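Quick notes on the structure that follows.
Each chain gets a letter, A, B and so on, in the order the sequences are listed, and its residues count up from 1. Computed over heavy atoms, backbone and side chain alike; hydrogens, waters and symmetry mates excluded. Quick caveat: nothing in here was measured; it's all calculated off a predicted structure.
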2 protein chains.
Amino acid sequence: MSDLLERLRGRGWRMTAQRRVVAEVLDGEHVHLTADEVLARATARLPEISRATVYNTLGELVTLGEVIEVSTGRAKRYDPNAHRPHQHLVCSGCGAIKDVHPGGDPLTALPDSERYGFTVSAAEVTYRGLCPDCTARG
Amino acid sequence: MSDLLERLRGRGWRMTAQRRVVAEVLDGEHVHLTADEVLARATARLPEISRATVYNTLGELVTLGEVIEVSTGRAKRYDPNAHRPHQHLVCSGCGAIKDVHPGGDPLTALPDSERYGFTVSAAEVTYRGLCPDCTARG
DNA sequence: TCCTACGATGGACGAAGTCCAAGTCAATAC
DNA sequence: GTATTGACTTGGACTTCGTCCATCGTAGGA
């Protein structure tokens, strides 16, 4: 088990069976799950868990900065890899997502003259294209 | 009136009152409307237009590359400014969106070693922060 | 062990988007 | 101008994704 649960407990997060299961599901597989997928995997471990709780917990983890919310298609996806800056490569055909790690901070690419007085805090970069399988399929 | 309608006609787009109205709505205001906002403005000009037609037409314009789909919040937004490369600055407080035009093509920032065999065709960059109003409100 | 405030539940609700069978019409041919 | 036809439109049902809320349960401190 990673230290995600430790970190959360250390930040005063009240630990419940439900929250633990959701955190474990996210922490366990470094893929990008939708809320429904998280619910399915959580239900496998704790059948009584409710949808509202999964949504609540995911929202809290995002607020705490432990998980990143990614909107690439219809449903939001949740990325547990929040501790290392990275970007996403999304297949327009099948929706597959891969993490990529280019160098440089995209935030620095935005000059003050283009900030319109905004307090800019983050930059998301999403590359779109076709994965090898979808490229082959035409 | 711009040449959007001309371009579409030239590409063999069958012109109907509904499609013309949707294209005019998008072309008229350089803001980032949701599908429902497009429907509302279109309905003002052509009361019988249906929601399905607005969605269909928006989808076609996106496929044709005349409009860009932007997913920044709950609902997708449609950006008619597809002919000039640009990026988006989004307020996390109120959802306002501004176009920004930094130099350089973000696609070149992704080395081949990070492409995993994908045929990469586009890069979207979204800057997030607080607009001046929301910054002031704390 | 008891208290209590915080968290979980589940079912209703709402927003955004898709689908489909039937009707309509733009563009072409005559 | 009329006929033809296949593409376009309609509207309402349906699906998916997400939120809300009143009520119940329980983690963690006293």
So which protein N/O to nucleotides 14-18 of chain C N/O distances come out below 3.5 Å?
unit_1, atom_1, unit_2, atom_2, d
C:dG14, N2, B:R74, NH2, 3.3
C:dG17, OP1, B:K76, N, 3.0
C:dG17, OP2, B:Y55, OH, 3.1
C:dG17, N7, B:R51, NH1, 2.9

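- Of the side-chain N and O atoms in A:T53, one or more sit less than 4.0 angstrom from OP1 or OP2 of C:dT9.
- Between B:R19 and B:E60 a salt bridge is recorded (basic side-chain N to carboxylate O distance below 4.0 Å).
- Rounded to an integer number of Å, the gap from A:Q18 CD to C:dC6 P is 17 Å.
- In this structure, CZ of A:R77 is placed 13 Å from C1' of D:dT16, rounded to the nearest angstrom.
- Axis deviation across the helix from C:dT1-D:dA30 to C:dC30-D:dG1 amounts to 30°, comparing end segments of five pairs, rounded to 10 degrees.
- In this structure, A:N56 places its CG atom 11 Å from C1' of D:dG18, rounding to the nearest Å.
- The CZ atom of A:R11 sits 18 Å away from the P atom of C:dC6 (whole-angstrom rounding).
- Here the shortest heavy-atom pairing between A:V90 and B:F118 reads C-CE2, 4.0 Å.
- Summarising the geometry, the separation between CZ on B:R19 and C1' on D:dA7 is reported as 8 Å, rounded to the nearest angstrom.
- In the model, B:D99 has a side-chain atom that pairs as donor or acceptor with a side-chain atom of B:H32 under 3.5 Å.
- Between A:L58 atom CG and C:dA8 atom C1' there is a gap of 14 Å when expressed in whole angstrom units.
- Scanning for salt bridge (charged side-chain N to carboxylate O under 4.0 Å, His left out) contacts around A:R45 gives A:E24, with sequence neighbours left out.
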Report task. Mark up nucleotides 22-30 of chain C, 5' to 3', with B wherever a protein heavy atom is under 4.0 angstrom from a base atom, S wherever such an atom reaches only the sugar-phosphate, and - elsewhere. Result -> ---BBS---
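- The existence of a salt bridge linking A:R77 and A:E37 is confirmed by a sub-4.0 Å separation between a basic side-chain nitrogen and an acidic carboxylate oxygen.
- B:A42 and B:V25 get closest at one heavy-atom pair: N-CG2, 4.0 Å.
- One interatomic measurement links the two molecules: CG of A:L46 to P of C:dG7, which rounds to 17 Å at whole-angstrom precision.
- For residues 41-84 of chain A, the set of pairs meeting the ring pair (Phe, Tyr, Trp, His ring centres under 6.0 Å) definition, not counting sequence neighbours, is empty.
- Side-chain atoms of A:T53 never come within 3.5 Å of backbone atoms of A:I49 as a donor-acceptor pair (strictly under, hydrogens ignored).
- Under a hydrophobic clustering in which Ile, Leu, Val, Met, Phe, Trp and Tyr are joined whenever their side-chain heavy atoms come within less than 4.5 Å, directly or via other members, A:L46 and A:V54 fall into the same cluster.
- Residues A:S71 and B:S71 have side chains that never bring a donor and an acceptor to within less than 3.5 angstrom of each other.
- Listed by chain and number, the residues in a salt bridge (charged side-chain N to carboxylate O under 4.0 Å, His left out) with B:E66 are B:R7, B:R11 (sequence neighbours excluded).
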